[in-house]
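These notes concern the structure reproduced below.
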Amino acid sequence: MSDHDASDPPSPSPSSSASTSRKPMATTPSPRDGTSARVIEGLKTLYHEKLSPIESTFLFPSFHYAPISDSEIESKPTVLLVGQYSTGKTTFISHLLGRPYPSAHIGPEPTTDKFIAVVHGKEDKVIKGNSLTVVPELPFGGLSNFGAAFLNKFEASVTPAQLLESVTIIDSPGVLSGEKQRIARSYDFADVVQWFAERSDLILLLFDAHKLDVSDEFRDVISKLRPHDDKVRCVLNKADQIEKSQFVRVYGSLLWSMGKIFRTPEVSRVYCGSYWDKDLEHKDYKDMFEEDEKLLVEELKNLPGSAAARKINDMVKRIRLVKVHVCILTFLKSKMPIFFGRESAQSALLDDLEGVFEDVKVMYNLSDGDMPPLEAFRVNLRSHDFSRFPRLDRAVLRDLDKLIQNDIPELMGRVGGVSGVMSMSNMGEVEHRDTREEVRRAKAARAKAGKGRQGRGAVMAISALIGIVVVLLLLVAVGMGVFIALAHYGKLPEPAMERAAASTLFKQARSIIGMEGQEL
């Protein structure tokens, strides 16, 4: 995380610094109200009592996200900064806070080699990563899964800045190029960024106007943020150091690059400016820079007030992903043989996972946007035995639908601020006018449905009776045919032949004495 590099303009003279230096951002955040606290409690109850058991049963953490802790749900809004080295991330944070923070290092070379959580406290101090994972007030317990190699490169910088009373800022190491990014770090940088992105309310991608080229390593990191593109904003830093004729080309190039990486024509919001306390070098776009800085500050200030709504939005996305996950796993389970050929069947399903996704989408009426990344899901599937997946329980899908249709709207109602529904008084008047008509229609519909069910029941009973009679007649016909065939070929059992002979003699005797057709 470095400041403006060695090509930065010289500092103004002492006589002019007082008049030309820009003021730090005014960032007094909006406080969280009691309504947000009630929504947070509702989310905790919803997750632990209804969603978490389903995640555990269907192995959701093994494929997607780790379980959510209470501290993560209760946490302050988090802002994640990501960028290549020497883009000015550390200077940006200092400018944002209006003061430097502990362990901040600024320079033209890659100076910050740690993930730093900038949090609020009464005095300046640094807390190391291993200790951070056990602090109950901070939502970093899940980082222990990345091991000691990462925790040694993670720390918290505590400082009494006013903004940090309601917001936490995550400063990340600069993305390196080539083998340095992959070999020089003893942990998976992209996976750690993804972990923070999942729990962040705002993600700022910082770019240096002089070094706009997006490296392959940075592109891979940004691709991890694609599921969270609604949180992503771009910051074109040091934009005052390029001339007016170059600025338009640089700005357009950034929009094109981001659209290509995120695979969407709608590009993330781009804030342009020079985020440090010194005066602008080129002032052609001074008004635009000041306006963008003002808009960025407003978005940061509004984070605490809208934190509850964003947490609800993240929970809805998680519920939808859990439902898709359940559908995929149970579909794979249904395609596995009971006894033999399990390995070959599983291998065939893995090879045709794209076709499996298409079948699942059609069967459960899912959209393309609901499906998880195919290749990553395939990799996770290789370590599991499909025959051990749970079977489909329709009640689970109904419970997930109820969470979105009933529980989530109830929580959104607590957030308030929506006027797209009628007031209760107006709704009562409408209901009063339409009650009799609705009751009449409902009774007619029930009567019609009842007659239909009775008619279908009678038809089914008659059909079943006819079927039984036909089966009995067939059995009798078959038996008679067998008896005649055996009698014809003389293969009846002896007692049967004796009875046949006796019957013939008896008939002849009756005909002789003239008693044919009479009973004895």
Q) If you measure from NZ on Lys402 to CG on Leu397, what distance do you get to the nearest 0.5 Å? A) 12.0 Å
Q. Is a side-chain donor or acceptor of Arg226 paired with a backbone partner of Ile222 at a separation under 3.5 angstrom?
A. no
**Q.** Phe389 and its side chain to side chain contact (heavy atoms under 4.5 Å, CB included) partner, picked from Ile328, Thr330, Leu59
**A.** Leu59
Q: Could you tell me whether a side-chain N or O of Thr87 sits under 3.5 Å from a main-chain N or O of Gly83, the two making a donor and an acceptor?
A: no
**Q.** CZ on Phe357 to CZ on Phe377, rounded to 0.5 Å
**A.** 5.5 Å
(Q) With a 4.5 Å cut-off on side-chain heavy atoms, are Cys272 and Val270 touching? (A) yes
Q) Does one side chain, of Thr78 or Asp201, offer a donor that lies under 3.5 Å from an acceptor on the other? A) no
**Q.** Short side-chain to backbone donor-acceptor contact, Lys224 and Asp191, under 3.5 Å
**A.** no
(Q) Let me confirm one number: the CG-CZ distance from Leu202 to Arg310, rounded to the nearest 0.5 Å. (A) 8.0 Å
Q.
Could you go through Phe386 and Phe331, starting from their C-alpha distance and side-chain angles, then the distance that decides it, and tell me whether this counts as ring pair (Phe, Tyr, Trp, His ring centres under 6.0 Å)?
A. CA-CA 10 Å; Phe386 295 1; Phe331 180 87; over 10 Å; no
(Q) I want to check a possible cation-pi pair here: Lys114 against Phe150, using under 6.0 Å from ring centre and within 45° of the ring axis as the test. (A) no
Q. Does a side-chain heavy-atom distance below 4.5 Å link Asp401 with Leu403?
A. no
(Q) Test: side-chain hydrogen bond (donor to acceptor under 3.5 Å, both in side chains). Region: residues 338-354. Which pairs qualify, not counting sequence neighbours? (A) none
**Q.** Donor-acceptor pair, side chain of Asn237 and main chain of Ala209, under 3.5 angstrom
**A.** no
Q: Start with the C-alpha distance between Lys231 and Asp314, add both sets of side-chain angles, then the distance that settles salt bridge (charged side-chain N to carboxylate O under 4.0 Å, His left out), and finish with yes or no.
A: CA-CA 11 Å; Lys231 306 177 185 178; Asp314 289 342; 3.8 Å; yes
Q: Consider only side-chain N and O atoms of Asp70 and His48, and report whether a donor and an acceptor are under 3.5 Å apart.
A: yes
Q: For Phe154 and Phe140, run ring pair (Phe, Tyr, Trp, His ring centres under 6.0 Å): C-alpha distance rounded to whole Å, both residues' side-chain angles, the deciding distance at 0.1 Å, then the answer.
A: CA-CA 10 Å; Phe154 176 53; Phe140 303 129; 5.4 Å; yes
Q. Would Ile68 and Arg318 satisfy side-chain contact (heavy atoms from CB on, under 4.5 Å), going step by step from the backbone distance to the final call?
A. CA-CA 11 Å; Ile68 305 175; Arg318 190 179 183 104; 3.6 Å; yes
Q.
Pairing donors with acceptors under 3.5 angstrom, does anything connect the side chains of Ser71 and Glu137?
A. no
Q) Ser56 side chain to Pro53 main-chain N or O, any donor-acceptor pair under 3.5 Å? A) no
Q) Would you say Thr57 and Val326 make side-chain contact, with heavy atoms under 4.5 Å? A) no
Q: Return the orientation label for the Phe115 and Phe189 ring planes: parallel under 30°, perpendicular over 60°, tilted otherwise.
A: tilted
(Q) Set out, in order, the CA-CA distance, both residues' side-chain angles and the distance that settles side-chain hydrogen bond (donor to acceptor under 3.5 Å, both in side chains) for Tyr47 and Glu72, then state yes or no. (A) CA-CA 12 Å; Tyr47 178 74; Glu72 292 175 10; over 6 Å; no
Q. Do Lys294 and Glu291 meet the salt-bridge criterion of a basic N to acidic O distance under 4.0 Å?
A. no
Q: Ignoring hydrogens and angles, tell me if any N or O in the side chain of Lys89 forms a donor-acceptor pair with the backbone of Gln84 under 3.5 Å.
A: yes
**Q.** Side-chain (Ser157) to main-chain (Pro102) donor-acceptor, under 3.5 angstrom
**A.** yes
(Q) Given 3.5 Å as the limit, does a donor-acceptor pair link the side chain of Ser94 with the main chain of Thr91, or not? (A) no
Q.
For Phe262 and Val232: C-alpha separation, side-chain torsions, deciding distance, then whether side-chain contact (heavy atoms from CB on, under 4.5 Å) applies.
A. CA-CA 10 Å; Phe262 283 105; Val232 175; 4.0 Å; yes
Q) Roughly how far, to the nearest 0.5 Å, is CG of Leu332 from OG of Ser334? A) 7.5 Å
Q.
Can you confirm whether the side chains of Glu299 and Tyr271 place a donor and an acceptor under 3.5 Å from each other?
A. yes
Q: Find the distance between OG (Ser215) and OH (Tyr85) and round it off to the nearest 0.5 Å.
A: 9.5 Å
Q) Is there a side-chain contact between Asp399 and Lys50 (heavy atoms, below 4.5 Å)? A) no
Q: With the side chain counted from C-beta on, respond yes when Leu81 and Ile203 share a heavy-atom pair under 4.5 Å apart, and no when they do not.
A: no
Q. Thinking salt bridges, do Glu165 and Lys76 make one under a 4.0 Å N-O criterion?
A. no
(Q) Can you see whether Ser62 engages Asn380 through a side-chain donor-acceptor pair at a distance of less than 3.5 angstrom? (A) no
Q. Looking at OG of Ser223 and CG of Asp216, how far apart are the two atoms once the value is rounded to the nearest 0.5 Å?
A. 11.0 Å
Q) Does any non-hydrogen side-chain atom of Arg199 lie less than 4.5 Å from one of Ser75? A) no
Q: Indicate, with yes or no, if the rings of Phe63 and His325 have centres closer together than 6.0 Å.
A: yes
Q | Residues, nucleotides or ligands: over 12 heavy atoms within 6.0 Å of Lys333 NZ | A | yes
Q: Evaluate the side-chain proximity of Thr133 to Leu151: yes if any heavy-atom separation is below 4.5 Å, no if none is.
A: yes
(Q) Less than 4.5 Å apart, side chain to side chain, heavy atoms only: is that true for Leu349 and Lys335? (A) yes
Q. Do side-chain atoms of His120 reach the backbone of Val158 as a donor and acceptor pair under 3.5 angstrom?
A. no
Q) Under the salt bridge (charged side-chain N to carboxylate O under 4.0 Å, His left out) rule, what pairs show up with a residue in residues 365-391, not counting sequence neighbours? A) Arg320-Asp370, Lys361-Asp368, Glu375-Arg378, Asp385-Arg388
Q. Does Thr168 use its side chain to pair, donor to acceptor, with the backbone of Leu164 at less than 3.5 Å?
A. no
